[in-house]
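First listed ligand is number 1; within each ligand, the first listed atom is number 1. Values in this document were obtained by computation on a predicted structure and should not be read as measured data.
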Amino acid sequence: MTDHILIERSETAPHVQIIRFNRPEKKNAITRAMYQAMTDALKAADQTPDVRVNVFLGTEGCFSAGNDMADFLAFAMGGSMGREVVDFLIALASARKPVVSGVDGLAIGIGTTIHLHCDLTVASDRSLFKTPFVDLALVPEAASSLIAPRIMGHQRAFALLALGEGFSATQAKEAGLIWQVTTPEAVESETLALAAKLAAKPPEALRIARDLMRGSPEAVLDRIQQEAGHFAAQLKSAEARAAFEAFMKR
Ligand code: COA
């Protein structure tokens, strides 16, 4: 159990489950316990007819700064990564209910790649999407090496995932990573309004439409595993360890 992930129901739309990052003092960096809590929530939603839509939200000015660097460093020093990250990615890629996200501010690493699995994302105009994987001597994850080139073309995906360029909300929208740009004040209400609209649709028709559009998840699940193998190997590299140590000591 962790209170760094809050599972709530929308006050205005009771069929909407909100999964909220709640670790603002660490920029909503995601620990193993947080991944586990999110996996449990997605799986519970799949089993609960009363939940029709999942929503990811962060806190004011920060969606998430990505994986917890202390966990990366612990693994680089010989500890176990555990199953939590990959289990979460699998649960996300195979979620049966629509997933909507709302971003205000920082969206780093998995804080960006999570949206490749979302059906609709709203972001504030001060948001920043960035994946410094290669700078940290790591590789893209969450099947981003497969999905990002598909939706935005090779060069833009390469700029995001390999060059480590930050995308503004407008660039993210142009790239097809997100659906809508709004003000920081309106992010939550507009995200929840979209989720409520979806939750009011006939669930079976929505499910079939979504499944048809997403296609079989097999290639995505395979890529998650393939990337995870490279990611784990790179985490143990001297360059990655140096990058994590530099972050922790700064
Ligand atoms: N893991 C663990 N802790 C993190 C973190 C992460 N990914 N990102 C931020 N934090 C912590 C900082 O260590 C700091 O904690 P402290 O106050 O106890 O020292 C706190 O969150 C605030 O971060 P800070 O760096 O002071 O805020 P900032 O506004 O100057 O910068 C970021 C924010 C996100 C740009 C910067 O923290 C950063 O680059 N984080 C790492 C992002 C990253 O590379 N993620 C992994 C991607 S694969």
Side-chain angles (χ1 to χ4, degrees), residues 2-5 20-38 56-77 79-82 84-86 88-89 92 101 103-117 123-124 126-148 157-169 171-172 177 184 223-224 226-250:
T2 171
D3 58 3
H4 291 148
I5 293 290
R20 185 189 292 278
F21 296 109
N22 181 42
R23 200 188 176 205
E25 70 284 4
K26 294 285 184 189
K27 304 284 179 190
N28 294 330
I30 313 173
T31 60
R32 291 170 62 179
M34 292 165 73
Y35 285 113
Q36 185 64 56
M38 295 193 289
F56 284 102
L57 290 173
T59 47
E60 196 186 337
C62 187
F63 182 74
S64 172
N67 201 98
D68 190 283
M69 293 288 236
D71 283 0
F72 275 167
L73 184 59
F75 182 72
M77 306 286 277
S80 160
M81 250 320 251
E84 291 88 347
V85 179
V86 170
F88 168 67
L89 295 176
L92 179 64
S101 52
V103 176
D104 176 32
L106 290 170
I108 316 284
I110 196 169
T112 284
T113 55
I114 195 172
H115 309 294
L116 294 167
H117 297 271
S124 72
R126 64 178 175 180
S127 296
L128 174 71
F129 297 86
K130 193 171 164 69
T131 60
F133 298 123
V134 175
D135 292 326
L136 293 170
L138 300 174
V139 298
E141 37 69 310
S144 56
S145 63
L146 179 72
I147 306 172
F158 197 83
L160 180 71
L161 298 175
L163 191 59
E165 279 291 289
F167 282 14
S168 67
Q171 287 172 308
L177 176 65
R223 185 60 65 96
I224 286 171
Q226 201 184 332
E227 290 169 346
H230 289 294
F231 202 98
Q234 283 302 118
L235 273 170
K236 297 271 188 204
S237 69
E239 345 166 75
R241 189 165 143 175
F244 309 145
E245 280 174 345
F247 177 78
M248 300 308 289
K249 280 190 198 140
R250 84 209 183 290

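- Relative to the six-membered ring of F75, K236 meets both conditions, a distance below 6.0 Å and an angle of at most 45° to the axis.
- Salt bridge K26/D68: absent, no basic N to carboxylate O contact under 4.0 Å.
- In the displayed structure, E245 atom CD is contacted under 6.0 Å by more than 12 heavy atoms of other residues, nucleotides or ligands.
- E141 does not count as a contact of ligand 1, since none of its heavy atoms falls under 4.0 Å from the ligand.
- Proximity of L138 to ligand 1 is not established, as no heavy-atom distance is less than 4.0 Å.
- Taking all heavy atoms of E25, M69, K27 into account, the minimum distance to atom 23 (O) of ligand 1 is reached by K27.
- Only side-chain heavy atoms of A29 come within less than 4.0 Å of ligand 1; its backbone N, CA, C and O stay farther off.
- Every residue meeting the side-chain hydrogen bond (donor to acceptor under 3.5 Å, both in side chains) condition with R32, not counting sequence neighbours, appears here in chain and number order: E84.
- What sits closest to atom 46 (C) of ligand 1 on the protein, heavy atoms only, is A65 O, 3.9 Å.
- Take T59 and apply the side-chain hydrogen bond (donor to acceptor under 3.5 Å, both in side chains) test, not counting sequence neighbours, and it matches N28.
- When hydrogens are left out, the protein atom nearest atom 7 (N) of ligand 1 is N67 O, 3.0 Å; that is the closest non-hydrogen contact.
- Looking only at distances, a side-chain donor or acceptor of Q171 sits under 3.5 Å from a matching main-chain atom of S168.
- For the ligand labelled ligand 1, residue M248 lies outside the 4.0 Å heavy-atom shell.
- Residue A70 places every heavy atom at 4.0 Å or more from ligand 1.
- Within the 4.0 Å heavy-atom criterion, the part of L136 lying near ligand 1 is the side chain and not the backbone.
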